[in-house]
Amino acid sequence: MIVRFGYVAMSMELENASPSRTMTMATFSKLPDREAGLRRLERIAEENLHNTLRLLKHNRYMDVQVYRMTSKLIPLATHELLSDWNPYPALADRFAEVGGFIREHQMRVSFHPDHFTVLSTPRPEVYAHSVKDLNHHVTMLEMMGLDERATCNVHVGGTYGNKETAADRFLRQFGQLEERIARRITLENDDKTFTASETLEISEQAGAPMVLDLHHHAVNNPDNEPADKLWTRIARTWDRFGWNGLQQDAGSDANPDQAPGKRLPPKIHISTPRSDKDPRAHADYVDPAPLMRFLLDIAGSTPAIDVMIEAKRKDESLFRLMDELKLLEASGAPLRIRDGASMEVTS
DNA sequence: ACCTGTCAAGTCTGG
DNA sequence: CCAGACTTGACAGGT
């Protein structure tokens with residue numbers, strides 16, 4: 001099983017490379033010239049896209065193929081008071097440049113719209129904002145020229161005291177999304193509300209791939225279901241990406257969308273609890289032990305998987321994990337570290 | 001250079 | 001019904 005590792009948003013190694021520079025509405029509204037303010041927002045966005053490209057080049061150099069872009073590329077992009085502003089035309093070249101680099105080097109990128117995007121909400125205005133935010137993320141991916149393998153990962157949302165009706169509402173409201181948006185969405189199990197098995201159920205019904213977060217599963221798993229017992233079904237939610245995660249020969253070269261280079265393995269998230277007292281918070285680094293236990297459990301049935309590391313120390317935690325995995329390899333663990341941020345695990 | 005309160009957005013809990 | 005917690009990187013305004 002080939003395992004590729006990725007990280008989120010920013011680098012601890014690259015200096016002055018924030019892809020999330022912003023401007024607050026308080027500052028914007030104090031500017032004397034609104035048009036000049038909008039141009040300033042666009043300049044900040046250009047800088048964020050430029051730094052995203054720098055991060056991608058850093059990833060290329062370090063052989064990191066999996067990366068989650070920040071949602072804050074364009075400051076105030078979906079703010080109510082700026083609804084007349086169309087930020088995309090001025091940024092078209094920058095988006096194309098970033099997307100071109102991603103395609104050229106066959107990287108896997110995603111977005112994770114933050115928790116204000118709630119498709120299970122009973123409030124129409126919250127749903128409308130969520131759709132607007134999803135549209136914003138998908139528009140950025142489209143401007144990068146990336147196909148449906150570039151996804152937006154979201155949570156199912158709140159439960160409002162009744163998981164059943166919240167899940168039904170999610171499915172109904174998910175069904176109302178434009179195809180171009182719905183086809184990009186992946187669903188992640190939550191650390192408080194929808195568990196892995198509940199999210200899986202919803203993923204199957206919505207036809208959206210599921211991202212299994214092992215940390216969330218560890219802290220929100222009332223029935224004590226082992227993650228690997230759910231894995232066969234979770235992997236199948238990725239079927240339409242031509243690599244169902246269960247057969248080496250899945251996908252056909254006759255279908256260009258399923259050509260080997262275009263397949264997309266299932267993805268999981270990993271992070272380590274900060275402390276016993278604060279088990280939901282993310283630690284600086286990742287403990288390899290629980291991750292390796294899971295990977296060894298599924299290695300026999302899964303040809304490839306991507307692992308997104310969600311630790312405070314970002315790419316630094318990824319590189320440290322690789323070092324620790326090298327030590328495990330040296331001590332006889334059934335794994336082989338490949339170039340940079342990937343490895344092969346044998347069952 | 002460094003510190004602290006605040007930020008556009010939602011939901012949940014406790015009062 | 002409302003305030004505060006949750007969580008995050010970075011601004012904004014201060015020293």
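Residue numbering restarts at 1 for every chain, and letters A, B, ... go by the order of the sequence lines.
Regarding contacts with the backbone of C/dC11, a side-chain N or O of A/R21 is found under 4.0 angstrom from either OP1 or OP2. For the OP1/OP2 pair of B/dC12 and a distance below 4.0 Å, the side-chain nitrogens and oxygens of A/T159 include at least one atom meeting the criterion. When the side-chain nitrogen and oxygen atoms of A/Y160 are compared with OP1 and OP2 of B/dT11, one or more of them lie within a distance under 4.0 Å. Between A/K314 and C/dG9, a side-chain N or O to OP1/OP2 separation shorter than 4.0 Å is present. When the side-chain nitrogen and oxygen atoms of A/K192 are compared with OP1 and OP2 of C/dT7, none of them lie within a distance under 4.0 Å. Between A/T117 and B/dG10 there is no side-chain N or O to OP1 or OP2 distance below 4.0 Å. Close to B/dC12, at under 4.0 Å from its OP1 or OP2, lies no side-chain N or O of A/T193.
The aromatic ring centroids of A/H112 and A/H137 lie 6.0 Å or more from each other. Aromatic pair A/H115/A/H155: ring centres not closer than 6.0 Å.
The aromatic ring of A/F116 does not sit over the base of B/dG10, since the test of centres under 5.5 Å and planes under 30° is not met.
Applying the side-chain hydrogen bond (donor to acceptor under 3.5 Å, both in side chains) test between A/S110 and each of A/R149, A/R184, A/K267 identifies A/K267 as the sole match.
Spacing between atom CG of A/N48 and atom C1' of C/dA10 amounts to 11 Å, rounded to whole angstrom units. Rounded to whole Å, atom P of C/dT8 lies 6 Å from atom NE2 of A/H282. When the C1' atom of B/dA9 is taken as reference, atom OH of A/Y127 falls 17 Å away, rounded to whole Å.
Among the protein residues, A/A9 comes within range of no part of the nucleic acid, since none of its heavy atoms lies under 4.0 Å from any strand. Within 4.0 Å (heavy atoms only), A/S130 reaches no atom of the nucleic acid at all. At a threshold of 4.0 angstrom between heavy atoms, the contacts of A/L81 with the nucleic acid are absent. Counting non-hydrogen atoms under 4.0 angstrom, A/K312 reaches the backbone sugars and phosphates but no base. Note on A/T70: nothing from the nucleic acid sits closer than 4.0 angstrom, heavy atoms only.
Nucleotides B/dA8 and C/dC1 place their C1' atoms 23 Å apart, quoted to the nearest Å. C/dA3 and B/dC7 have their P atoms separated by 15 Å, with the value rounded to a whole Å.
Judged by Watson-Crick or G-U wobble contacts below 3.5 Å, the nucleotide C/dT8 has no partner.
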